[in-house]
*Asks:* 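Mind looking over this structure? Questions follow.
Just the heavy atoms: all of them, side chains too, but no hydrogens, waters or symmetry mates, feed the values below. Position 1 is the first residue of the sequence; numbering continues from there.
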Amino acid sequence: MTAIPYSLTARHKGFNRAEIVDQNFTEFVQLWQGDVHQPRGDHAPVLPGSALNAQGFRELLESQLISRHLDLMARVLRVQNKVFYTIGSSGHEGNAMVARLTRHTDPAFLHYRSGGFMAERFRKLPGMDPVMDSALSFAASMEDPASGGRHKVWGSKPLWVLPQTSTIASHLPKALGTAVAIEQARRIGHKLPIPEDSIAVCSFGDASSNHATAQTAFNAAGWTAYQKLPAPVLYVCEDNGIGISVKTPNGWVANNFRHRADLDYFYADGLDLADGYAQVQEAVEHCRTTRRPTFLHLRTTRVMGHAGTDFEIEWRSVEELFAVEASDPLLRSAEIALSSGLYTKESLLALYEVTRKRCFEAAEDADRRPRLTTLEQVMKPLAPYTPAAVKAEAERTDYQDRRLAAFGSEEKLPEKQPPRHLAIQIGQALHDIMAKYPESLLFGEDVAMKGGVYTVTKGLHKTFKGSRVFNTLLDETIILGLAQGYANMGMLPLPEIQYLAYFHNACDQIRGEAASLQFFSNDQYRNPMVMRVASLGYQKGFGGHFHNDNSISALRDIPGLVVGCPSRGDDAATMLRTMTALAKVDGRVCAYLEPIALYMTKDLYDAGDGQWQFEYPAPGQAMTLGEGRIYNESANDLVVFTFGNGVPMSLRAARTIESELGWKVRVVDLRWLAPLNNAFIAEQAKSAKRIIVLDEGRRSAGVGEGVITAIVEGGSGATPLQRVVGADTYTPLAGAALLVLPGEADVVAAARKLV
């Protein structure tokens with residue numbers, strides 16, 4: 001490639017590197033003196049021996065220039081508060097080749113340096129404008145078709161680009177999940193929203209490839225392929241050699257990935273369209289035809305720094321910056337354009353300036369468009385809820401034939417059986433749900449033949465077979481990544497997390513990915529799912545803190561997430577129906593917390609009384625979101641607010657309190673922990689003479705704090721109140737566990753303090 005001339009001004013230490021990069025292109029074209037090949041037709045190779053034809057090159061070049069000028073525009077207009085994002089794609093424009101060689105129906109999960117990819121994918125459908133759409137996103141305009149002004153994202157509903165914001169590898173598991181789901185659909189007879197031979201495309205940087213979430217995705221991809229299960233995911237590692245300011249060791253990505261079994265490695269030069277095109281094409285075709293996970297190592301560079309606030313000259317030598325800027329892929333594209341005879345110097349510079357003008361005009365236009373100005377506008381897509389439609393769906397009963405097939409006969413229907421305990425009724429409810437929704441899938445660790453650690457899912461694998469009920473590898477991140485992939489393809493995932501403590505290993509798959517998708521896509525994309533989690537404490541000393549985890553705070557803090565916790569079997573069934581309806585109708589992500597210590601509980605007061613077994617609610621019955629259960633509704637001497645294990649505990653304590661103090665005690669089972677029904681809590685508190693809030697979680701940041709806030713803000717702050725909670729500690733092994741968890745005696749003691 002022709003050497004780049006640098007002016008003396010360019011060598012000045014404090015000079016704006018974006019201006020230098022911009023100037024380099026113009027000077028390179030003006031001073032170019034190479035040989036010119038005879039111009040050929042649109043379908044001829046752009047250069048001898050290249051797989052890329054002239055028409056393809058022209059379009060890729062235009063996409064590269066659009067991406068570059070969007071970056072340059074952002075650097076200029078950010079200081080005028082007309083643009084609010086400056087992480088650019090400069091140096092990565094070669095990813096436009098990946099867009100050209102894949103289809104617009106191949107779901108794409110992109111990292112933030114994907115301007116070239118997006119500009120090229122916009123060509124796949126007529127009437128779309130990559131410049132204006134991108135400008136609206138840069139400007140945080142309400143008219144941004146991707147996020148509605150909530151974030152600068154690369155996304156498009158018609159182009160199957162699912163918006164990403166947390167792109168430090170957290171999107172890799174759901175990309176694999178989507179690839180697996182494409183193939184799973186065929187096995188369960190589900191109609192896909194995309195062609196059956198689609199692949200999932202996922203891009204990320206070389207630094208992100210080291211992240212634990214990335215490594216777990218690569219491992220799961222290999223684990224899947226090792227078993228000869230199709231997983232057509234194209235992982236595109238855009239290797240620019242640096243992560244913000246931390247350099248990737250030379251050769252690290254290639255050495256780390258090219259010899260991995262069951263993750264097929266390909267290399268492509270993303271700095272050179274003429275050479276790289278065939279290499280990218282080979283990787284894409286391999287992924288599509290073999291249906292195997294494919295790793296495309298795409299060489300890129302990074303010019304103009306990580307973002308507008310990254311002044312590389314402060315930590316990088318001028319000589320190093322010159323070398324990086326000399327590798328700018330747009331300079332190589334300019335050389336191809338000129339040497340192929342497709343452009344003259346004048347026509348190429350004219351295209352460069354026309355593209356600049358187009359991007360700036362679009363940005364100025366976008367700046368004049370309305371932005372989000374109210375909290376209601378911001379939150380509108382976060383947690384949609386249509387009560388009437390959810391109720392109708394939860395109570396729908398038009399699946400009786402499938403239901404009879406699932407349970408075996410009319411006589412075996414669960415509502416015709418004697419009252420049963422929680423674990424049995426959750427299992428029955430899951431049979432019901434899977435009969436109702438043929439597109440539903442239940443999966444996790446040990447859930448299939450074994451039926452789960454506590455046999456809650458026993459019989460499901462036999463009834464619905466391994467295509468719908470199956471074990472996963474021991475990796476909660478991948479379990480939740482699979483769930484998102486199935487949801488992307490229109491299925492209803494029911495992932496199981498074996499213990500609540502295990503959820504924290506994979507929390508970001510819900511917090512940063514699943515629960516955020518509706519928000520950042522302006523409700524164009526959804527991740528409907530019901531995540532089942534064996535939860536809470538009181539396992540009589542078994543298992544220590546990993547199996548007695550009360551930390552619900554991490555769940556309640558996730559915007560838009562629905563969290564429910566049934567304490568008895570009939571509630572478990574009606575709550576599960578409502579959660580699946582919330583997922584189907586409103587696309588909600590739900591966490592269904594199952595109290596382990598209550599799974600097998602049959603008695604309430606005395607051994608053998610059977611008072612914690614209940615009749616199974618027949619289809620047609622469901623529980624409204626936020627609806628609590630009240631025991632002894634007319635009592636008002638003392639009201640106890642609680643949930644989960646606290647419900648039978650409070651009922652037993654109430655007997656002692658009534659005997660000792662003569663008070664009538666009302667127990668309120670919240671059932672729904674997020675969102676808390678503040679109006680319901682306030683209403684129950686108004687008639688109370690005294691209040692106890694029983695929260696088996698830790699004292700700090702527990703559910704109880706939210707309950708007390710609702711009571712105070714509801715106007716009952718003057719009512720005498722005691723809080724009974726767990727200690728701020730991990731749960732120890734054996735009998736010591738009961739020292740840190742609240743018990744019946746603590747509830748009674750709290751009542752005495754209220755005398």
*Asks:* Is there a side-chain hydrogen bond (donor to acceptor under 3.5 Å, both in side chains) between Asp71 and Ser89? Walk through the geometry before answering.
*Replies:* CA-CA 7 Å; Asp71 283 0; Ser89 305; 4.5 Å; no
*Asks:* Under a 4.5 Å cut-off applied to non-hydrogen side-chain atoms, are Thr213 and Leu172 in contact?
*Replies:* no
*Asks:* For Pro145, is there any backbone N or O sitting under 3.5 Å from a side-chain donor or acceptor partner on Asp133?
*Replies:* no
*Asks:* Less than 4.0 Å between a side-chain N and a carboxylate O, is that true for Asp523 and Lys380?
*Replies:*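 No, no charged N to carboxylate O under 4.0 Å.
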*Asks:* Is there side-chain contact between Arg358 and Ile66, with heavy atoms separated by less than 4.5 Å?
*Replies:* yes
*Asks:* Rounded to the nearest 0.5 Å, what separates atom CG in Leu271 from atom CZ in Arg299?
*Replies:*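 Answer for the CG-CZ pair, Leu271 versus Arg299, is 4.5 Å.
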*Asks:* Can you tell me if Arg68 uses its side chain to pair, donor with acceptor, with the backbone of Gly116 under 3.5 Å?
*Replies:*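 Side chain of Arg68 to backbone of Gly116: no pair is present.
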*Asks:* Would a 4.5 Å heavy-atom cut-off, applied to side chains only, mark Leu70 and Met73 as touching?
*Replies:*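 Touching, per the 4.5 Å side-chain cut-off.
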*Asks:* I want to check something: taking the side chain as every heavy atom from C-beta on, are Glu120 and Leu60 in contact at a cut-off of under 4.5 Å?
*Replies:*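 The answer is yes; the side chains approach within 4.5 Å.
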*Asks:* Does the side-chain contact (heavy atoms from CB on, under 4.5 Å) test come out yes or no for His171 and Leu162, once each step is laid out?
*Replies:* CA-CA 10 Å; His171 57 310; Leu162 289 79; over 6 Å; no
*Asks:* Between Arg121 and Arg103 (side chain of the first, backbone of the second, donor and acceptor by atom type, cut-off under 3.5 Å), is there such a pair?
*Replies:* yes
*Asks:* Would you mind reporting whether Leu273 and Gln64 have side-chain heavy atoms less than 4.5 Å apart?
*Replies:* yes
*Asks:* Do the rings of Phe218 and Phe204 sit parallel, tilted or perpendicular, given the 30° and 60° boundaries?
*Replies:*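 Taking Phe204 first and then Phe218, their aromatic rings sit tilted (interplane angle of 30° to 60°).
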*Asks:* Would you indicate whether Glu376, at its atom CD, is surrounded by more than 12 heavy atoms from other residues, nucleotides or ligands within a distance under 6.0 Å?
*Replies:* no
*Asks:* Please check: side-chain N/O of Trp154 versus main-chain N/O of Tyr112, any donor-acceptor pairing under 3.5 Å?
*Replies:*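 Checking the backbone N and O of Tyr112 against the side chain of Trp154, a donor-acceptor pair under 3.5 Å is found.
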*Asks:* How close do Ala515 and Ile558 get, heavy atom to heavy atom, and via which atoms?
*Replies:*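 Closest approach of Ala515 to Ile558, heavy atoms only: CB-CG2, 3.6 Å.
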*Asks:* With sequence neighbours left out, which residue pairs that include part of residues 270-280 fulfil the side-chain hydrogen bond (donor to acceptor under 3.5 Å, both in side chains) condition?
*Replies:* Asp272-Arg332
*Asks:* Quick one: which residue pairs count as a salt bridge (Lys or Arg N to Asp or Glu O under 4.0 Å) with a foot in residues 481-490, not counting sequence neighbours?
*Replies:* none
*Asks:* Kindly compute the distance separating OH (Tyr525) from NZ (Lys157), expressed to the nearest 0.5 Å.
*Replies:*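 It is 5.0 Å, given to the nearest 0.5 Å.
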*Asks:* Distance check, rounded to the nearest 0.5 Å: Thr373 atom OG1 versus Gln377 atom CD?
*Replies:*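 Thr373 OG1 to Gln377 CD: 4.0 Å, rounded to 0.5 Å.
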*Asks:* Do any N or O atoms from the side chain of Tyr85 and from the backbone of Ser137 form a donor-acceptor pair under 3.5 angstrom?
*Replies:* no
*Asks:* Are more than 12 heavy atoms, taken from residues, nucleotides or ligands other than Arg150, located less than 6.0 Å from that residue's CZ atom?
*Replies:* yes
*Asks:* Quick one: does any side-chain atom of Arg588 pair with a main-chain N or O of Gly560 as donor and acceptor, under 3.5 Å?
*Replies:*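 Pair found, side chain donor or acceptor close to backbone of Gly560.
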*Asks:* Take atom NZ of Lys357 as the centre, draw a 6.0 Å sphere, and report whether it contains more than 12 heavy atoms from other residues, nucleotides or ligands.
*Replies:* no
*Asks:* Are Arg526 and Leu517 packed together at the side-chain level, in the sense that at least one heavy-atom pair is separated by less than 4.5 angstrom?
*Replies:*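 Not touching, per the 4.5 Å side-chain cut-off.
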*Asks:* For His306 and Ile87, run side-chain contact (heavy atoms from CB on, under 4.5 Å): C-alpha distance rounded to whole Å, both residues' side-chain angles, the deciding distance at 0.1 Å, then the answer.
*Replies:* CA-CA 6 Å; His306 175 71; Ile87 295 180; 3.9 Å; yes
*Asks:* Do the side chain of Gln281 and the main chain of Leu101 share a donor and acceptor less than 3.5 angstrom apart?
*Replies:* no
*Asks:* Minimum heavy-atom separation for Met97 to Gly270, with atom names?
*Replies:*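 For Met97 and Gly270, the tightest heavy-atom pair comes out as CE-CA, 3.9 Å.
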*Asks:* I'd like to know if the side chain of Asn95 and the backbone of Phe117 have a donor-acceptor N/O pair within less than 3.5 Å.
*Replies:* yes
*Asks:* Hey, what do you get for CG (Asp328) to OG (Ser90), rounding to the nearest 0.5 Å?
*Replies:*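 Interatomic distance, Asp328 CG to Ser90 OG, rounded to 0.5 Å: 7.5 Å.
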*Asks:* Step by step, work out the side-chain contact (heavy atoms from CB on, under 4.5 Å) result for Ser63 and Arg123.
*Replies:* CA-CA 9 Å; Ser63 294; Arg123 297 182 188 278; 3.4 Å; yes
*Asks:* Parallel, tilted or perpendicular: which describes the rings of Phe25 and Tyr352, with under 30° parallel and over 60° perpendicular?
*Replies:*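 Parallel, since the angle between the ring planes stays under 30°.
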*Asks:* With Met304 as reference, evaluate Thr86, Leu72, Asn16, Ile20 under the side chain to side chain contact (heavy atoms under 4.5 Å, CB included) test and give the passing residue.
*Replies:*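 Considering Thr86, Leu72, Asn16, Ile20, a side chain to side chain contact (heavy atoms under 4.5 Å, CB included) with Met304 is found only for Leu72.
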*Asks:* With a 3.5 Å distance limit and no angle check, can you tell me whether Arg75 reaches the backbone of Ala18 through a side-chain donor-acceptor pair?
*Replies:* no
*Asks:* Would you compute the distance between atom CE of Met118 and atom CG of Leu110 and round it to the nearest 0.5 angstrom?
*Replies:* 7.0 Å
*Asks:* Who passes salt bridge (charged side-chain N to carboxylate O under 4.0 Å, His left out) against Lys124, sequence neighbours left out?
*Replies:*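 Salt bridge (charged side-chain N to carboxylate O under 4.0 Å, His left out) list for Lys124, sorted by chain: empty.
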*Asks:* Measure the shortest side-chain to side-chain distance between Met142 and Leu372 over non-hydrogen atoms and say whether it is less than 4.5 angstrom.
*Replies:*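 Side chain of Met142 against side chain of Leu372, heavy atoms only: contact under 4.5 Å found.
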*Asks:* Is any side-chain heavy atom of Val36 less than 4.5 Å from a side-chain heavy atom of Leu338?
*Replies:* no
*Asks:* Just how far is it from atom CD of Glu346 to atom CG of Leu348, taken to the nearest 0.5 Å?
*Replies:* 10.0 Å
*Asks:* If we ignore hydrogens and angles and just use 3.5 Å, is the side chain of Thr300 paired with the main-chain N or O of His92 as donor and acceptor?
*Replies:* no
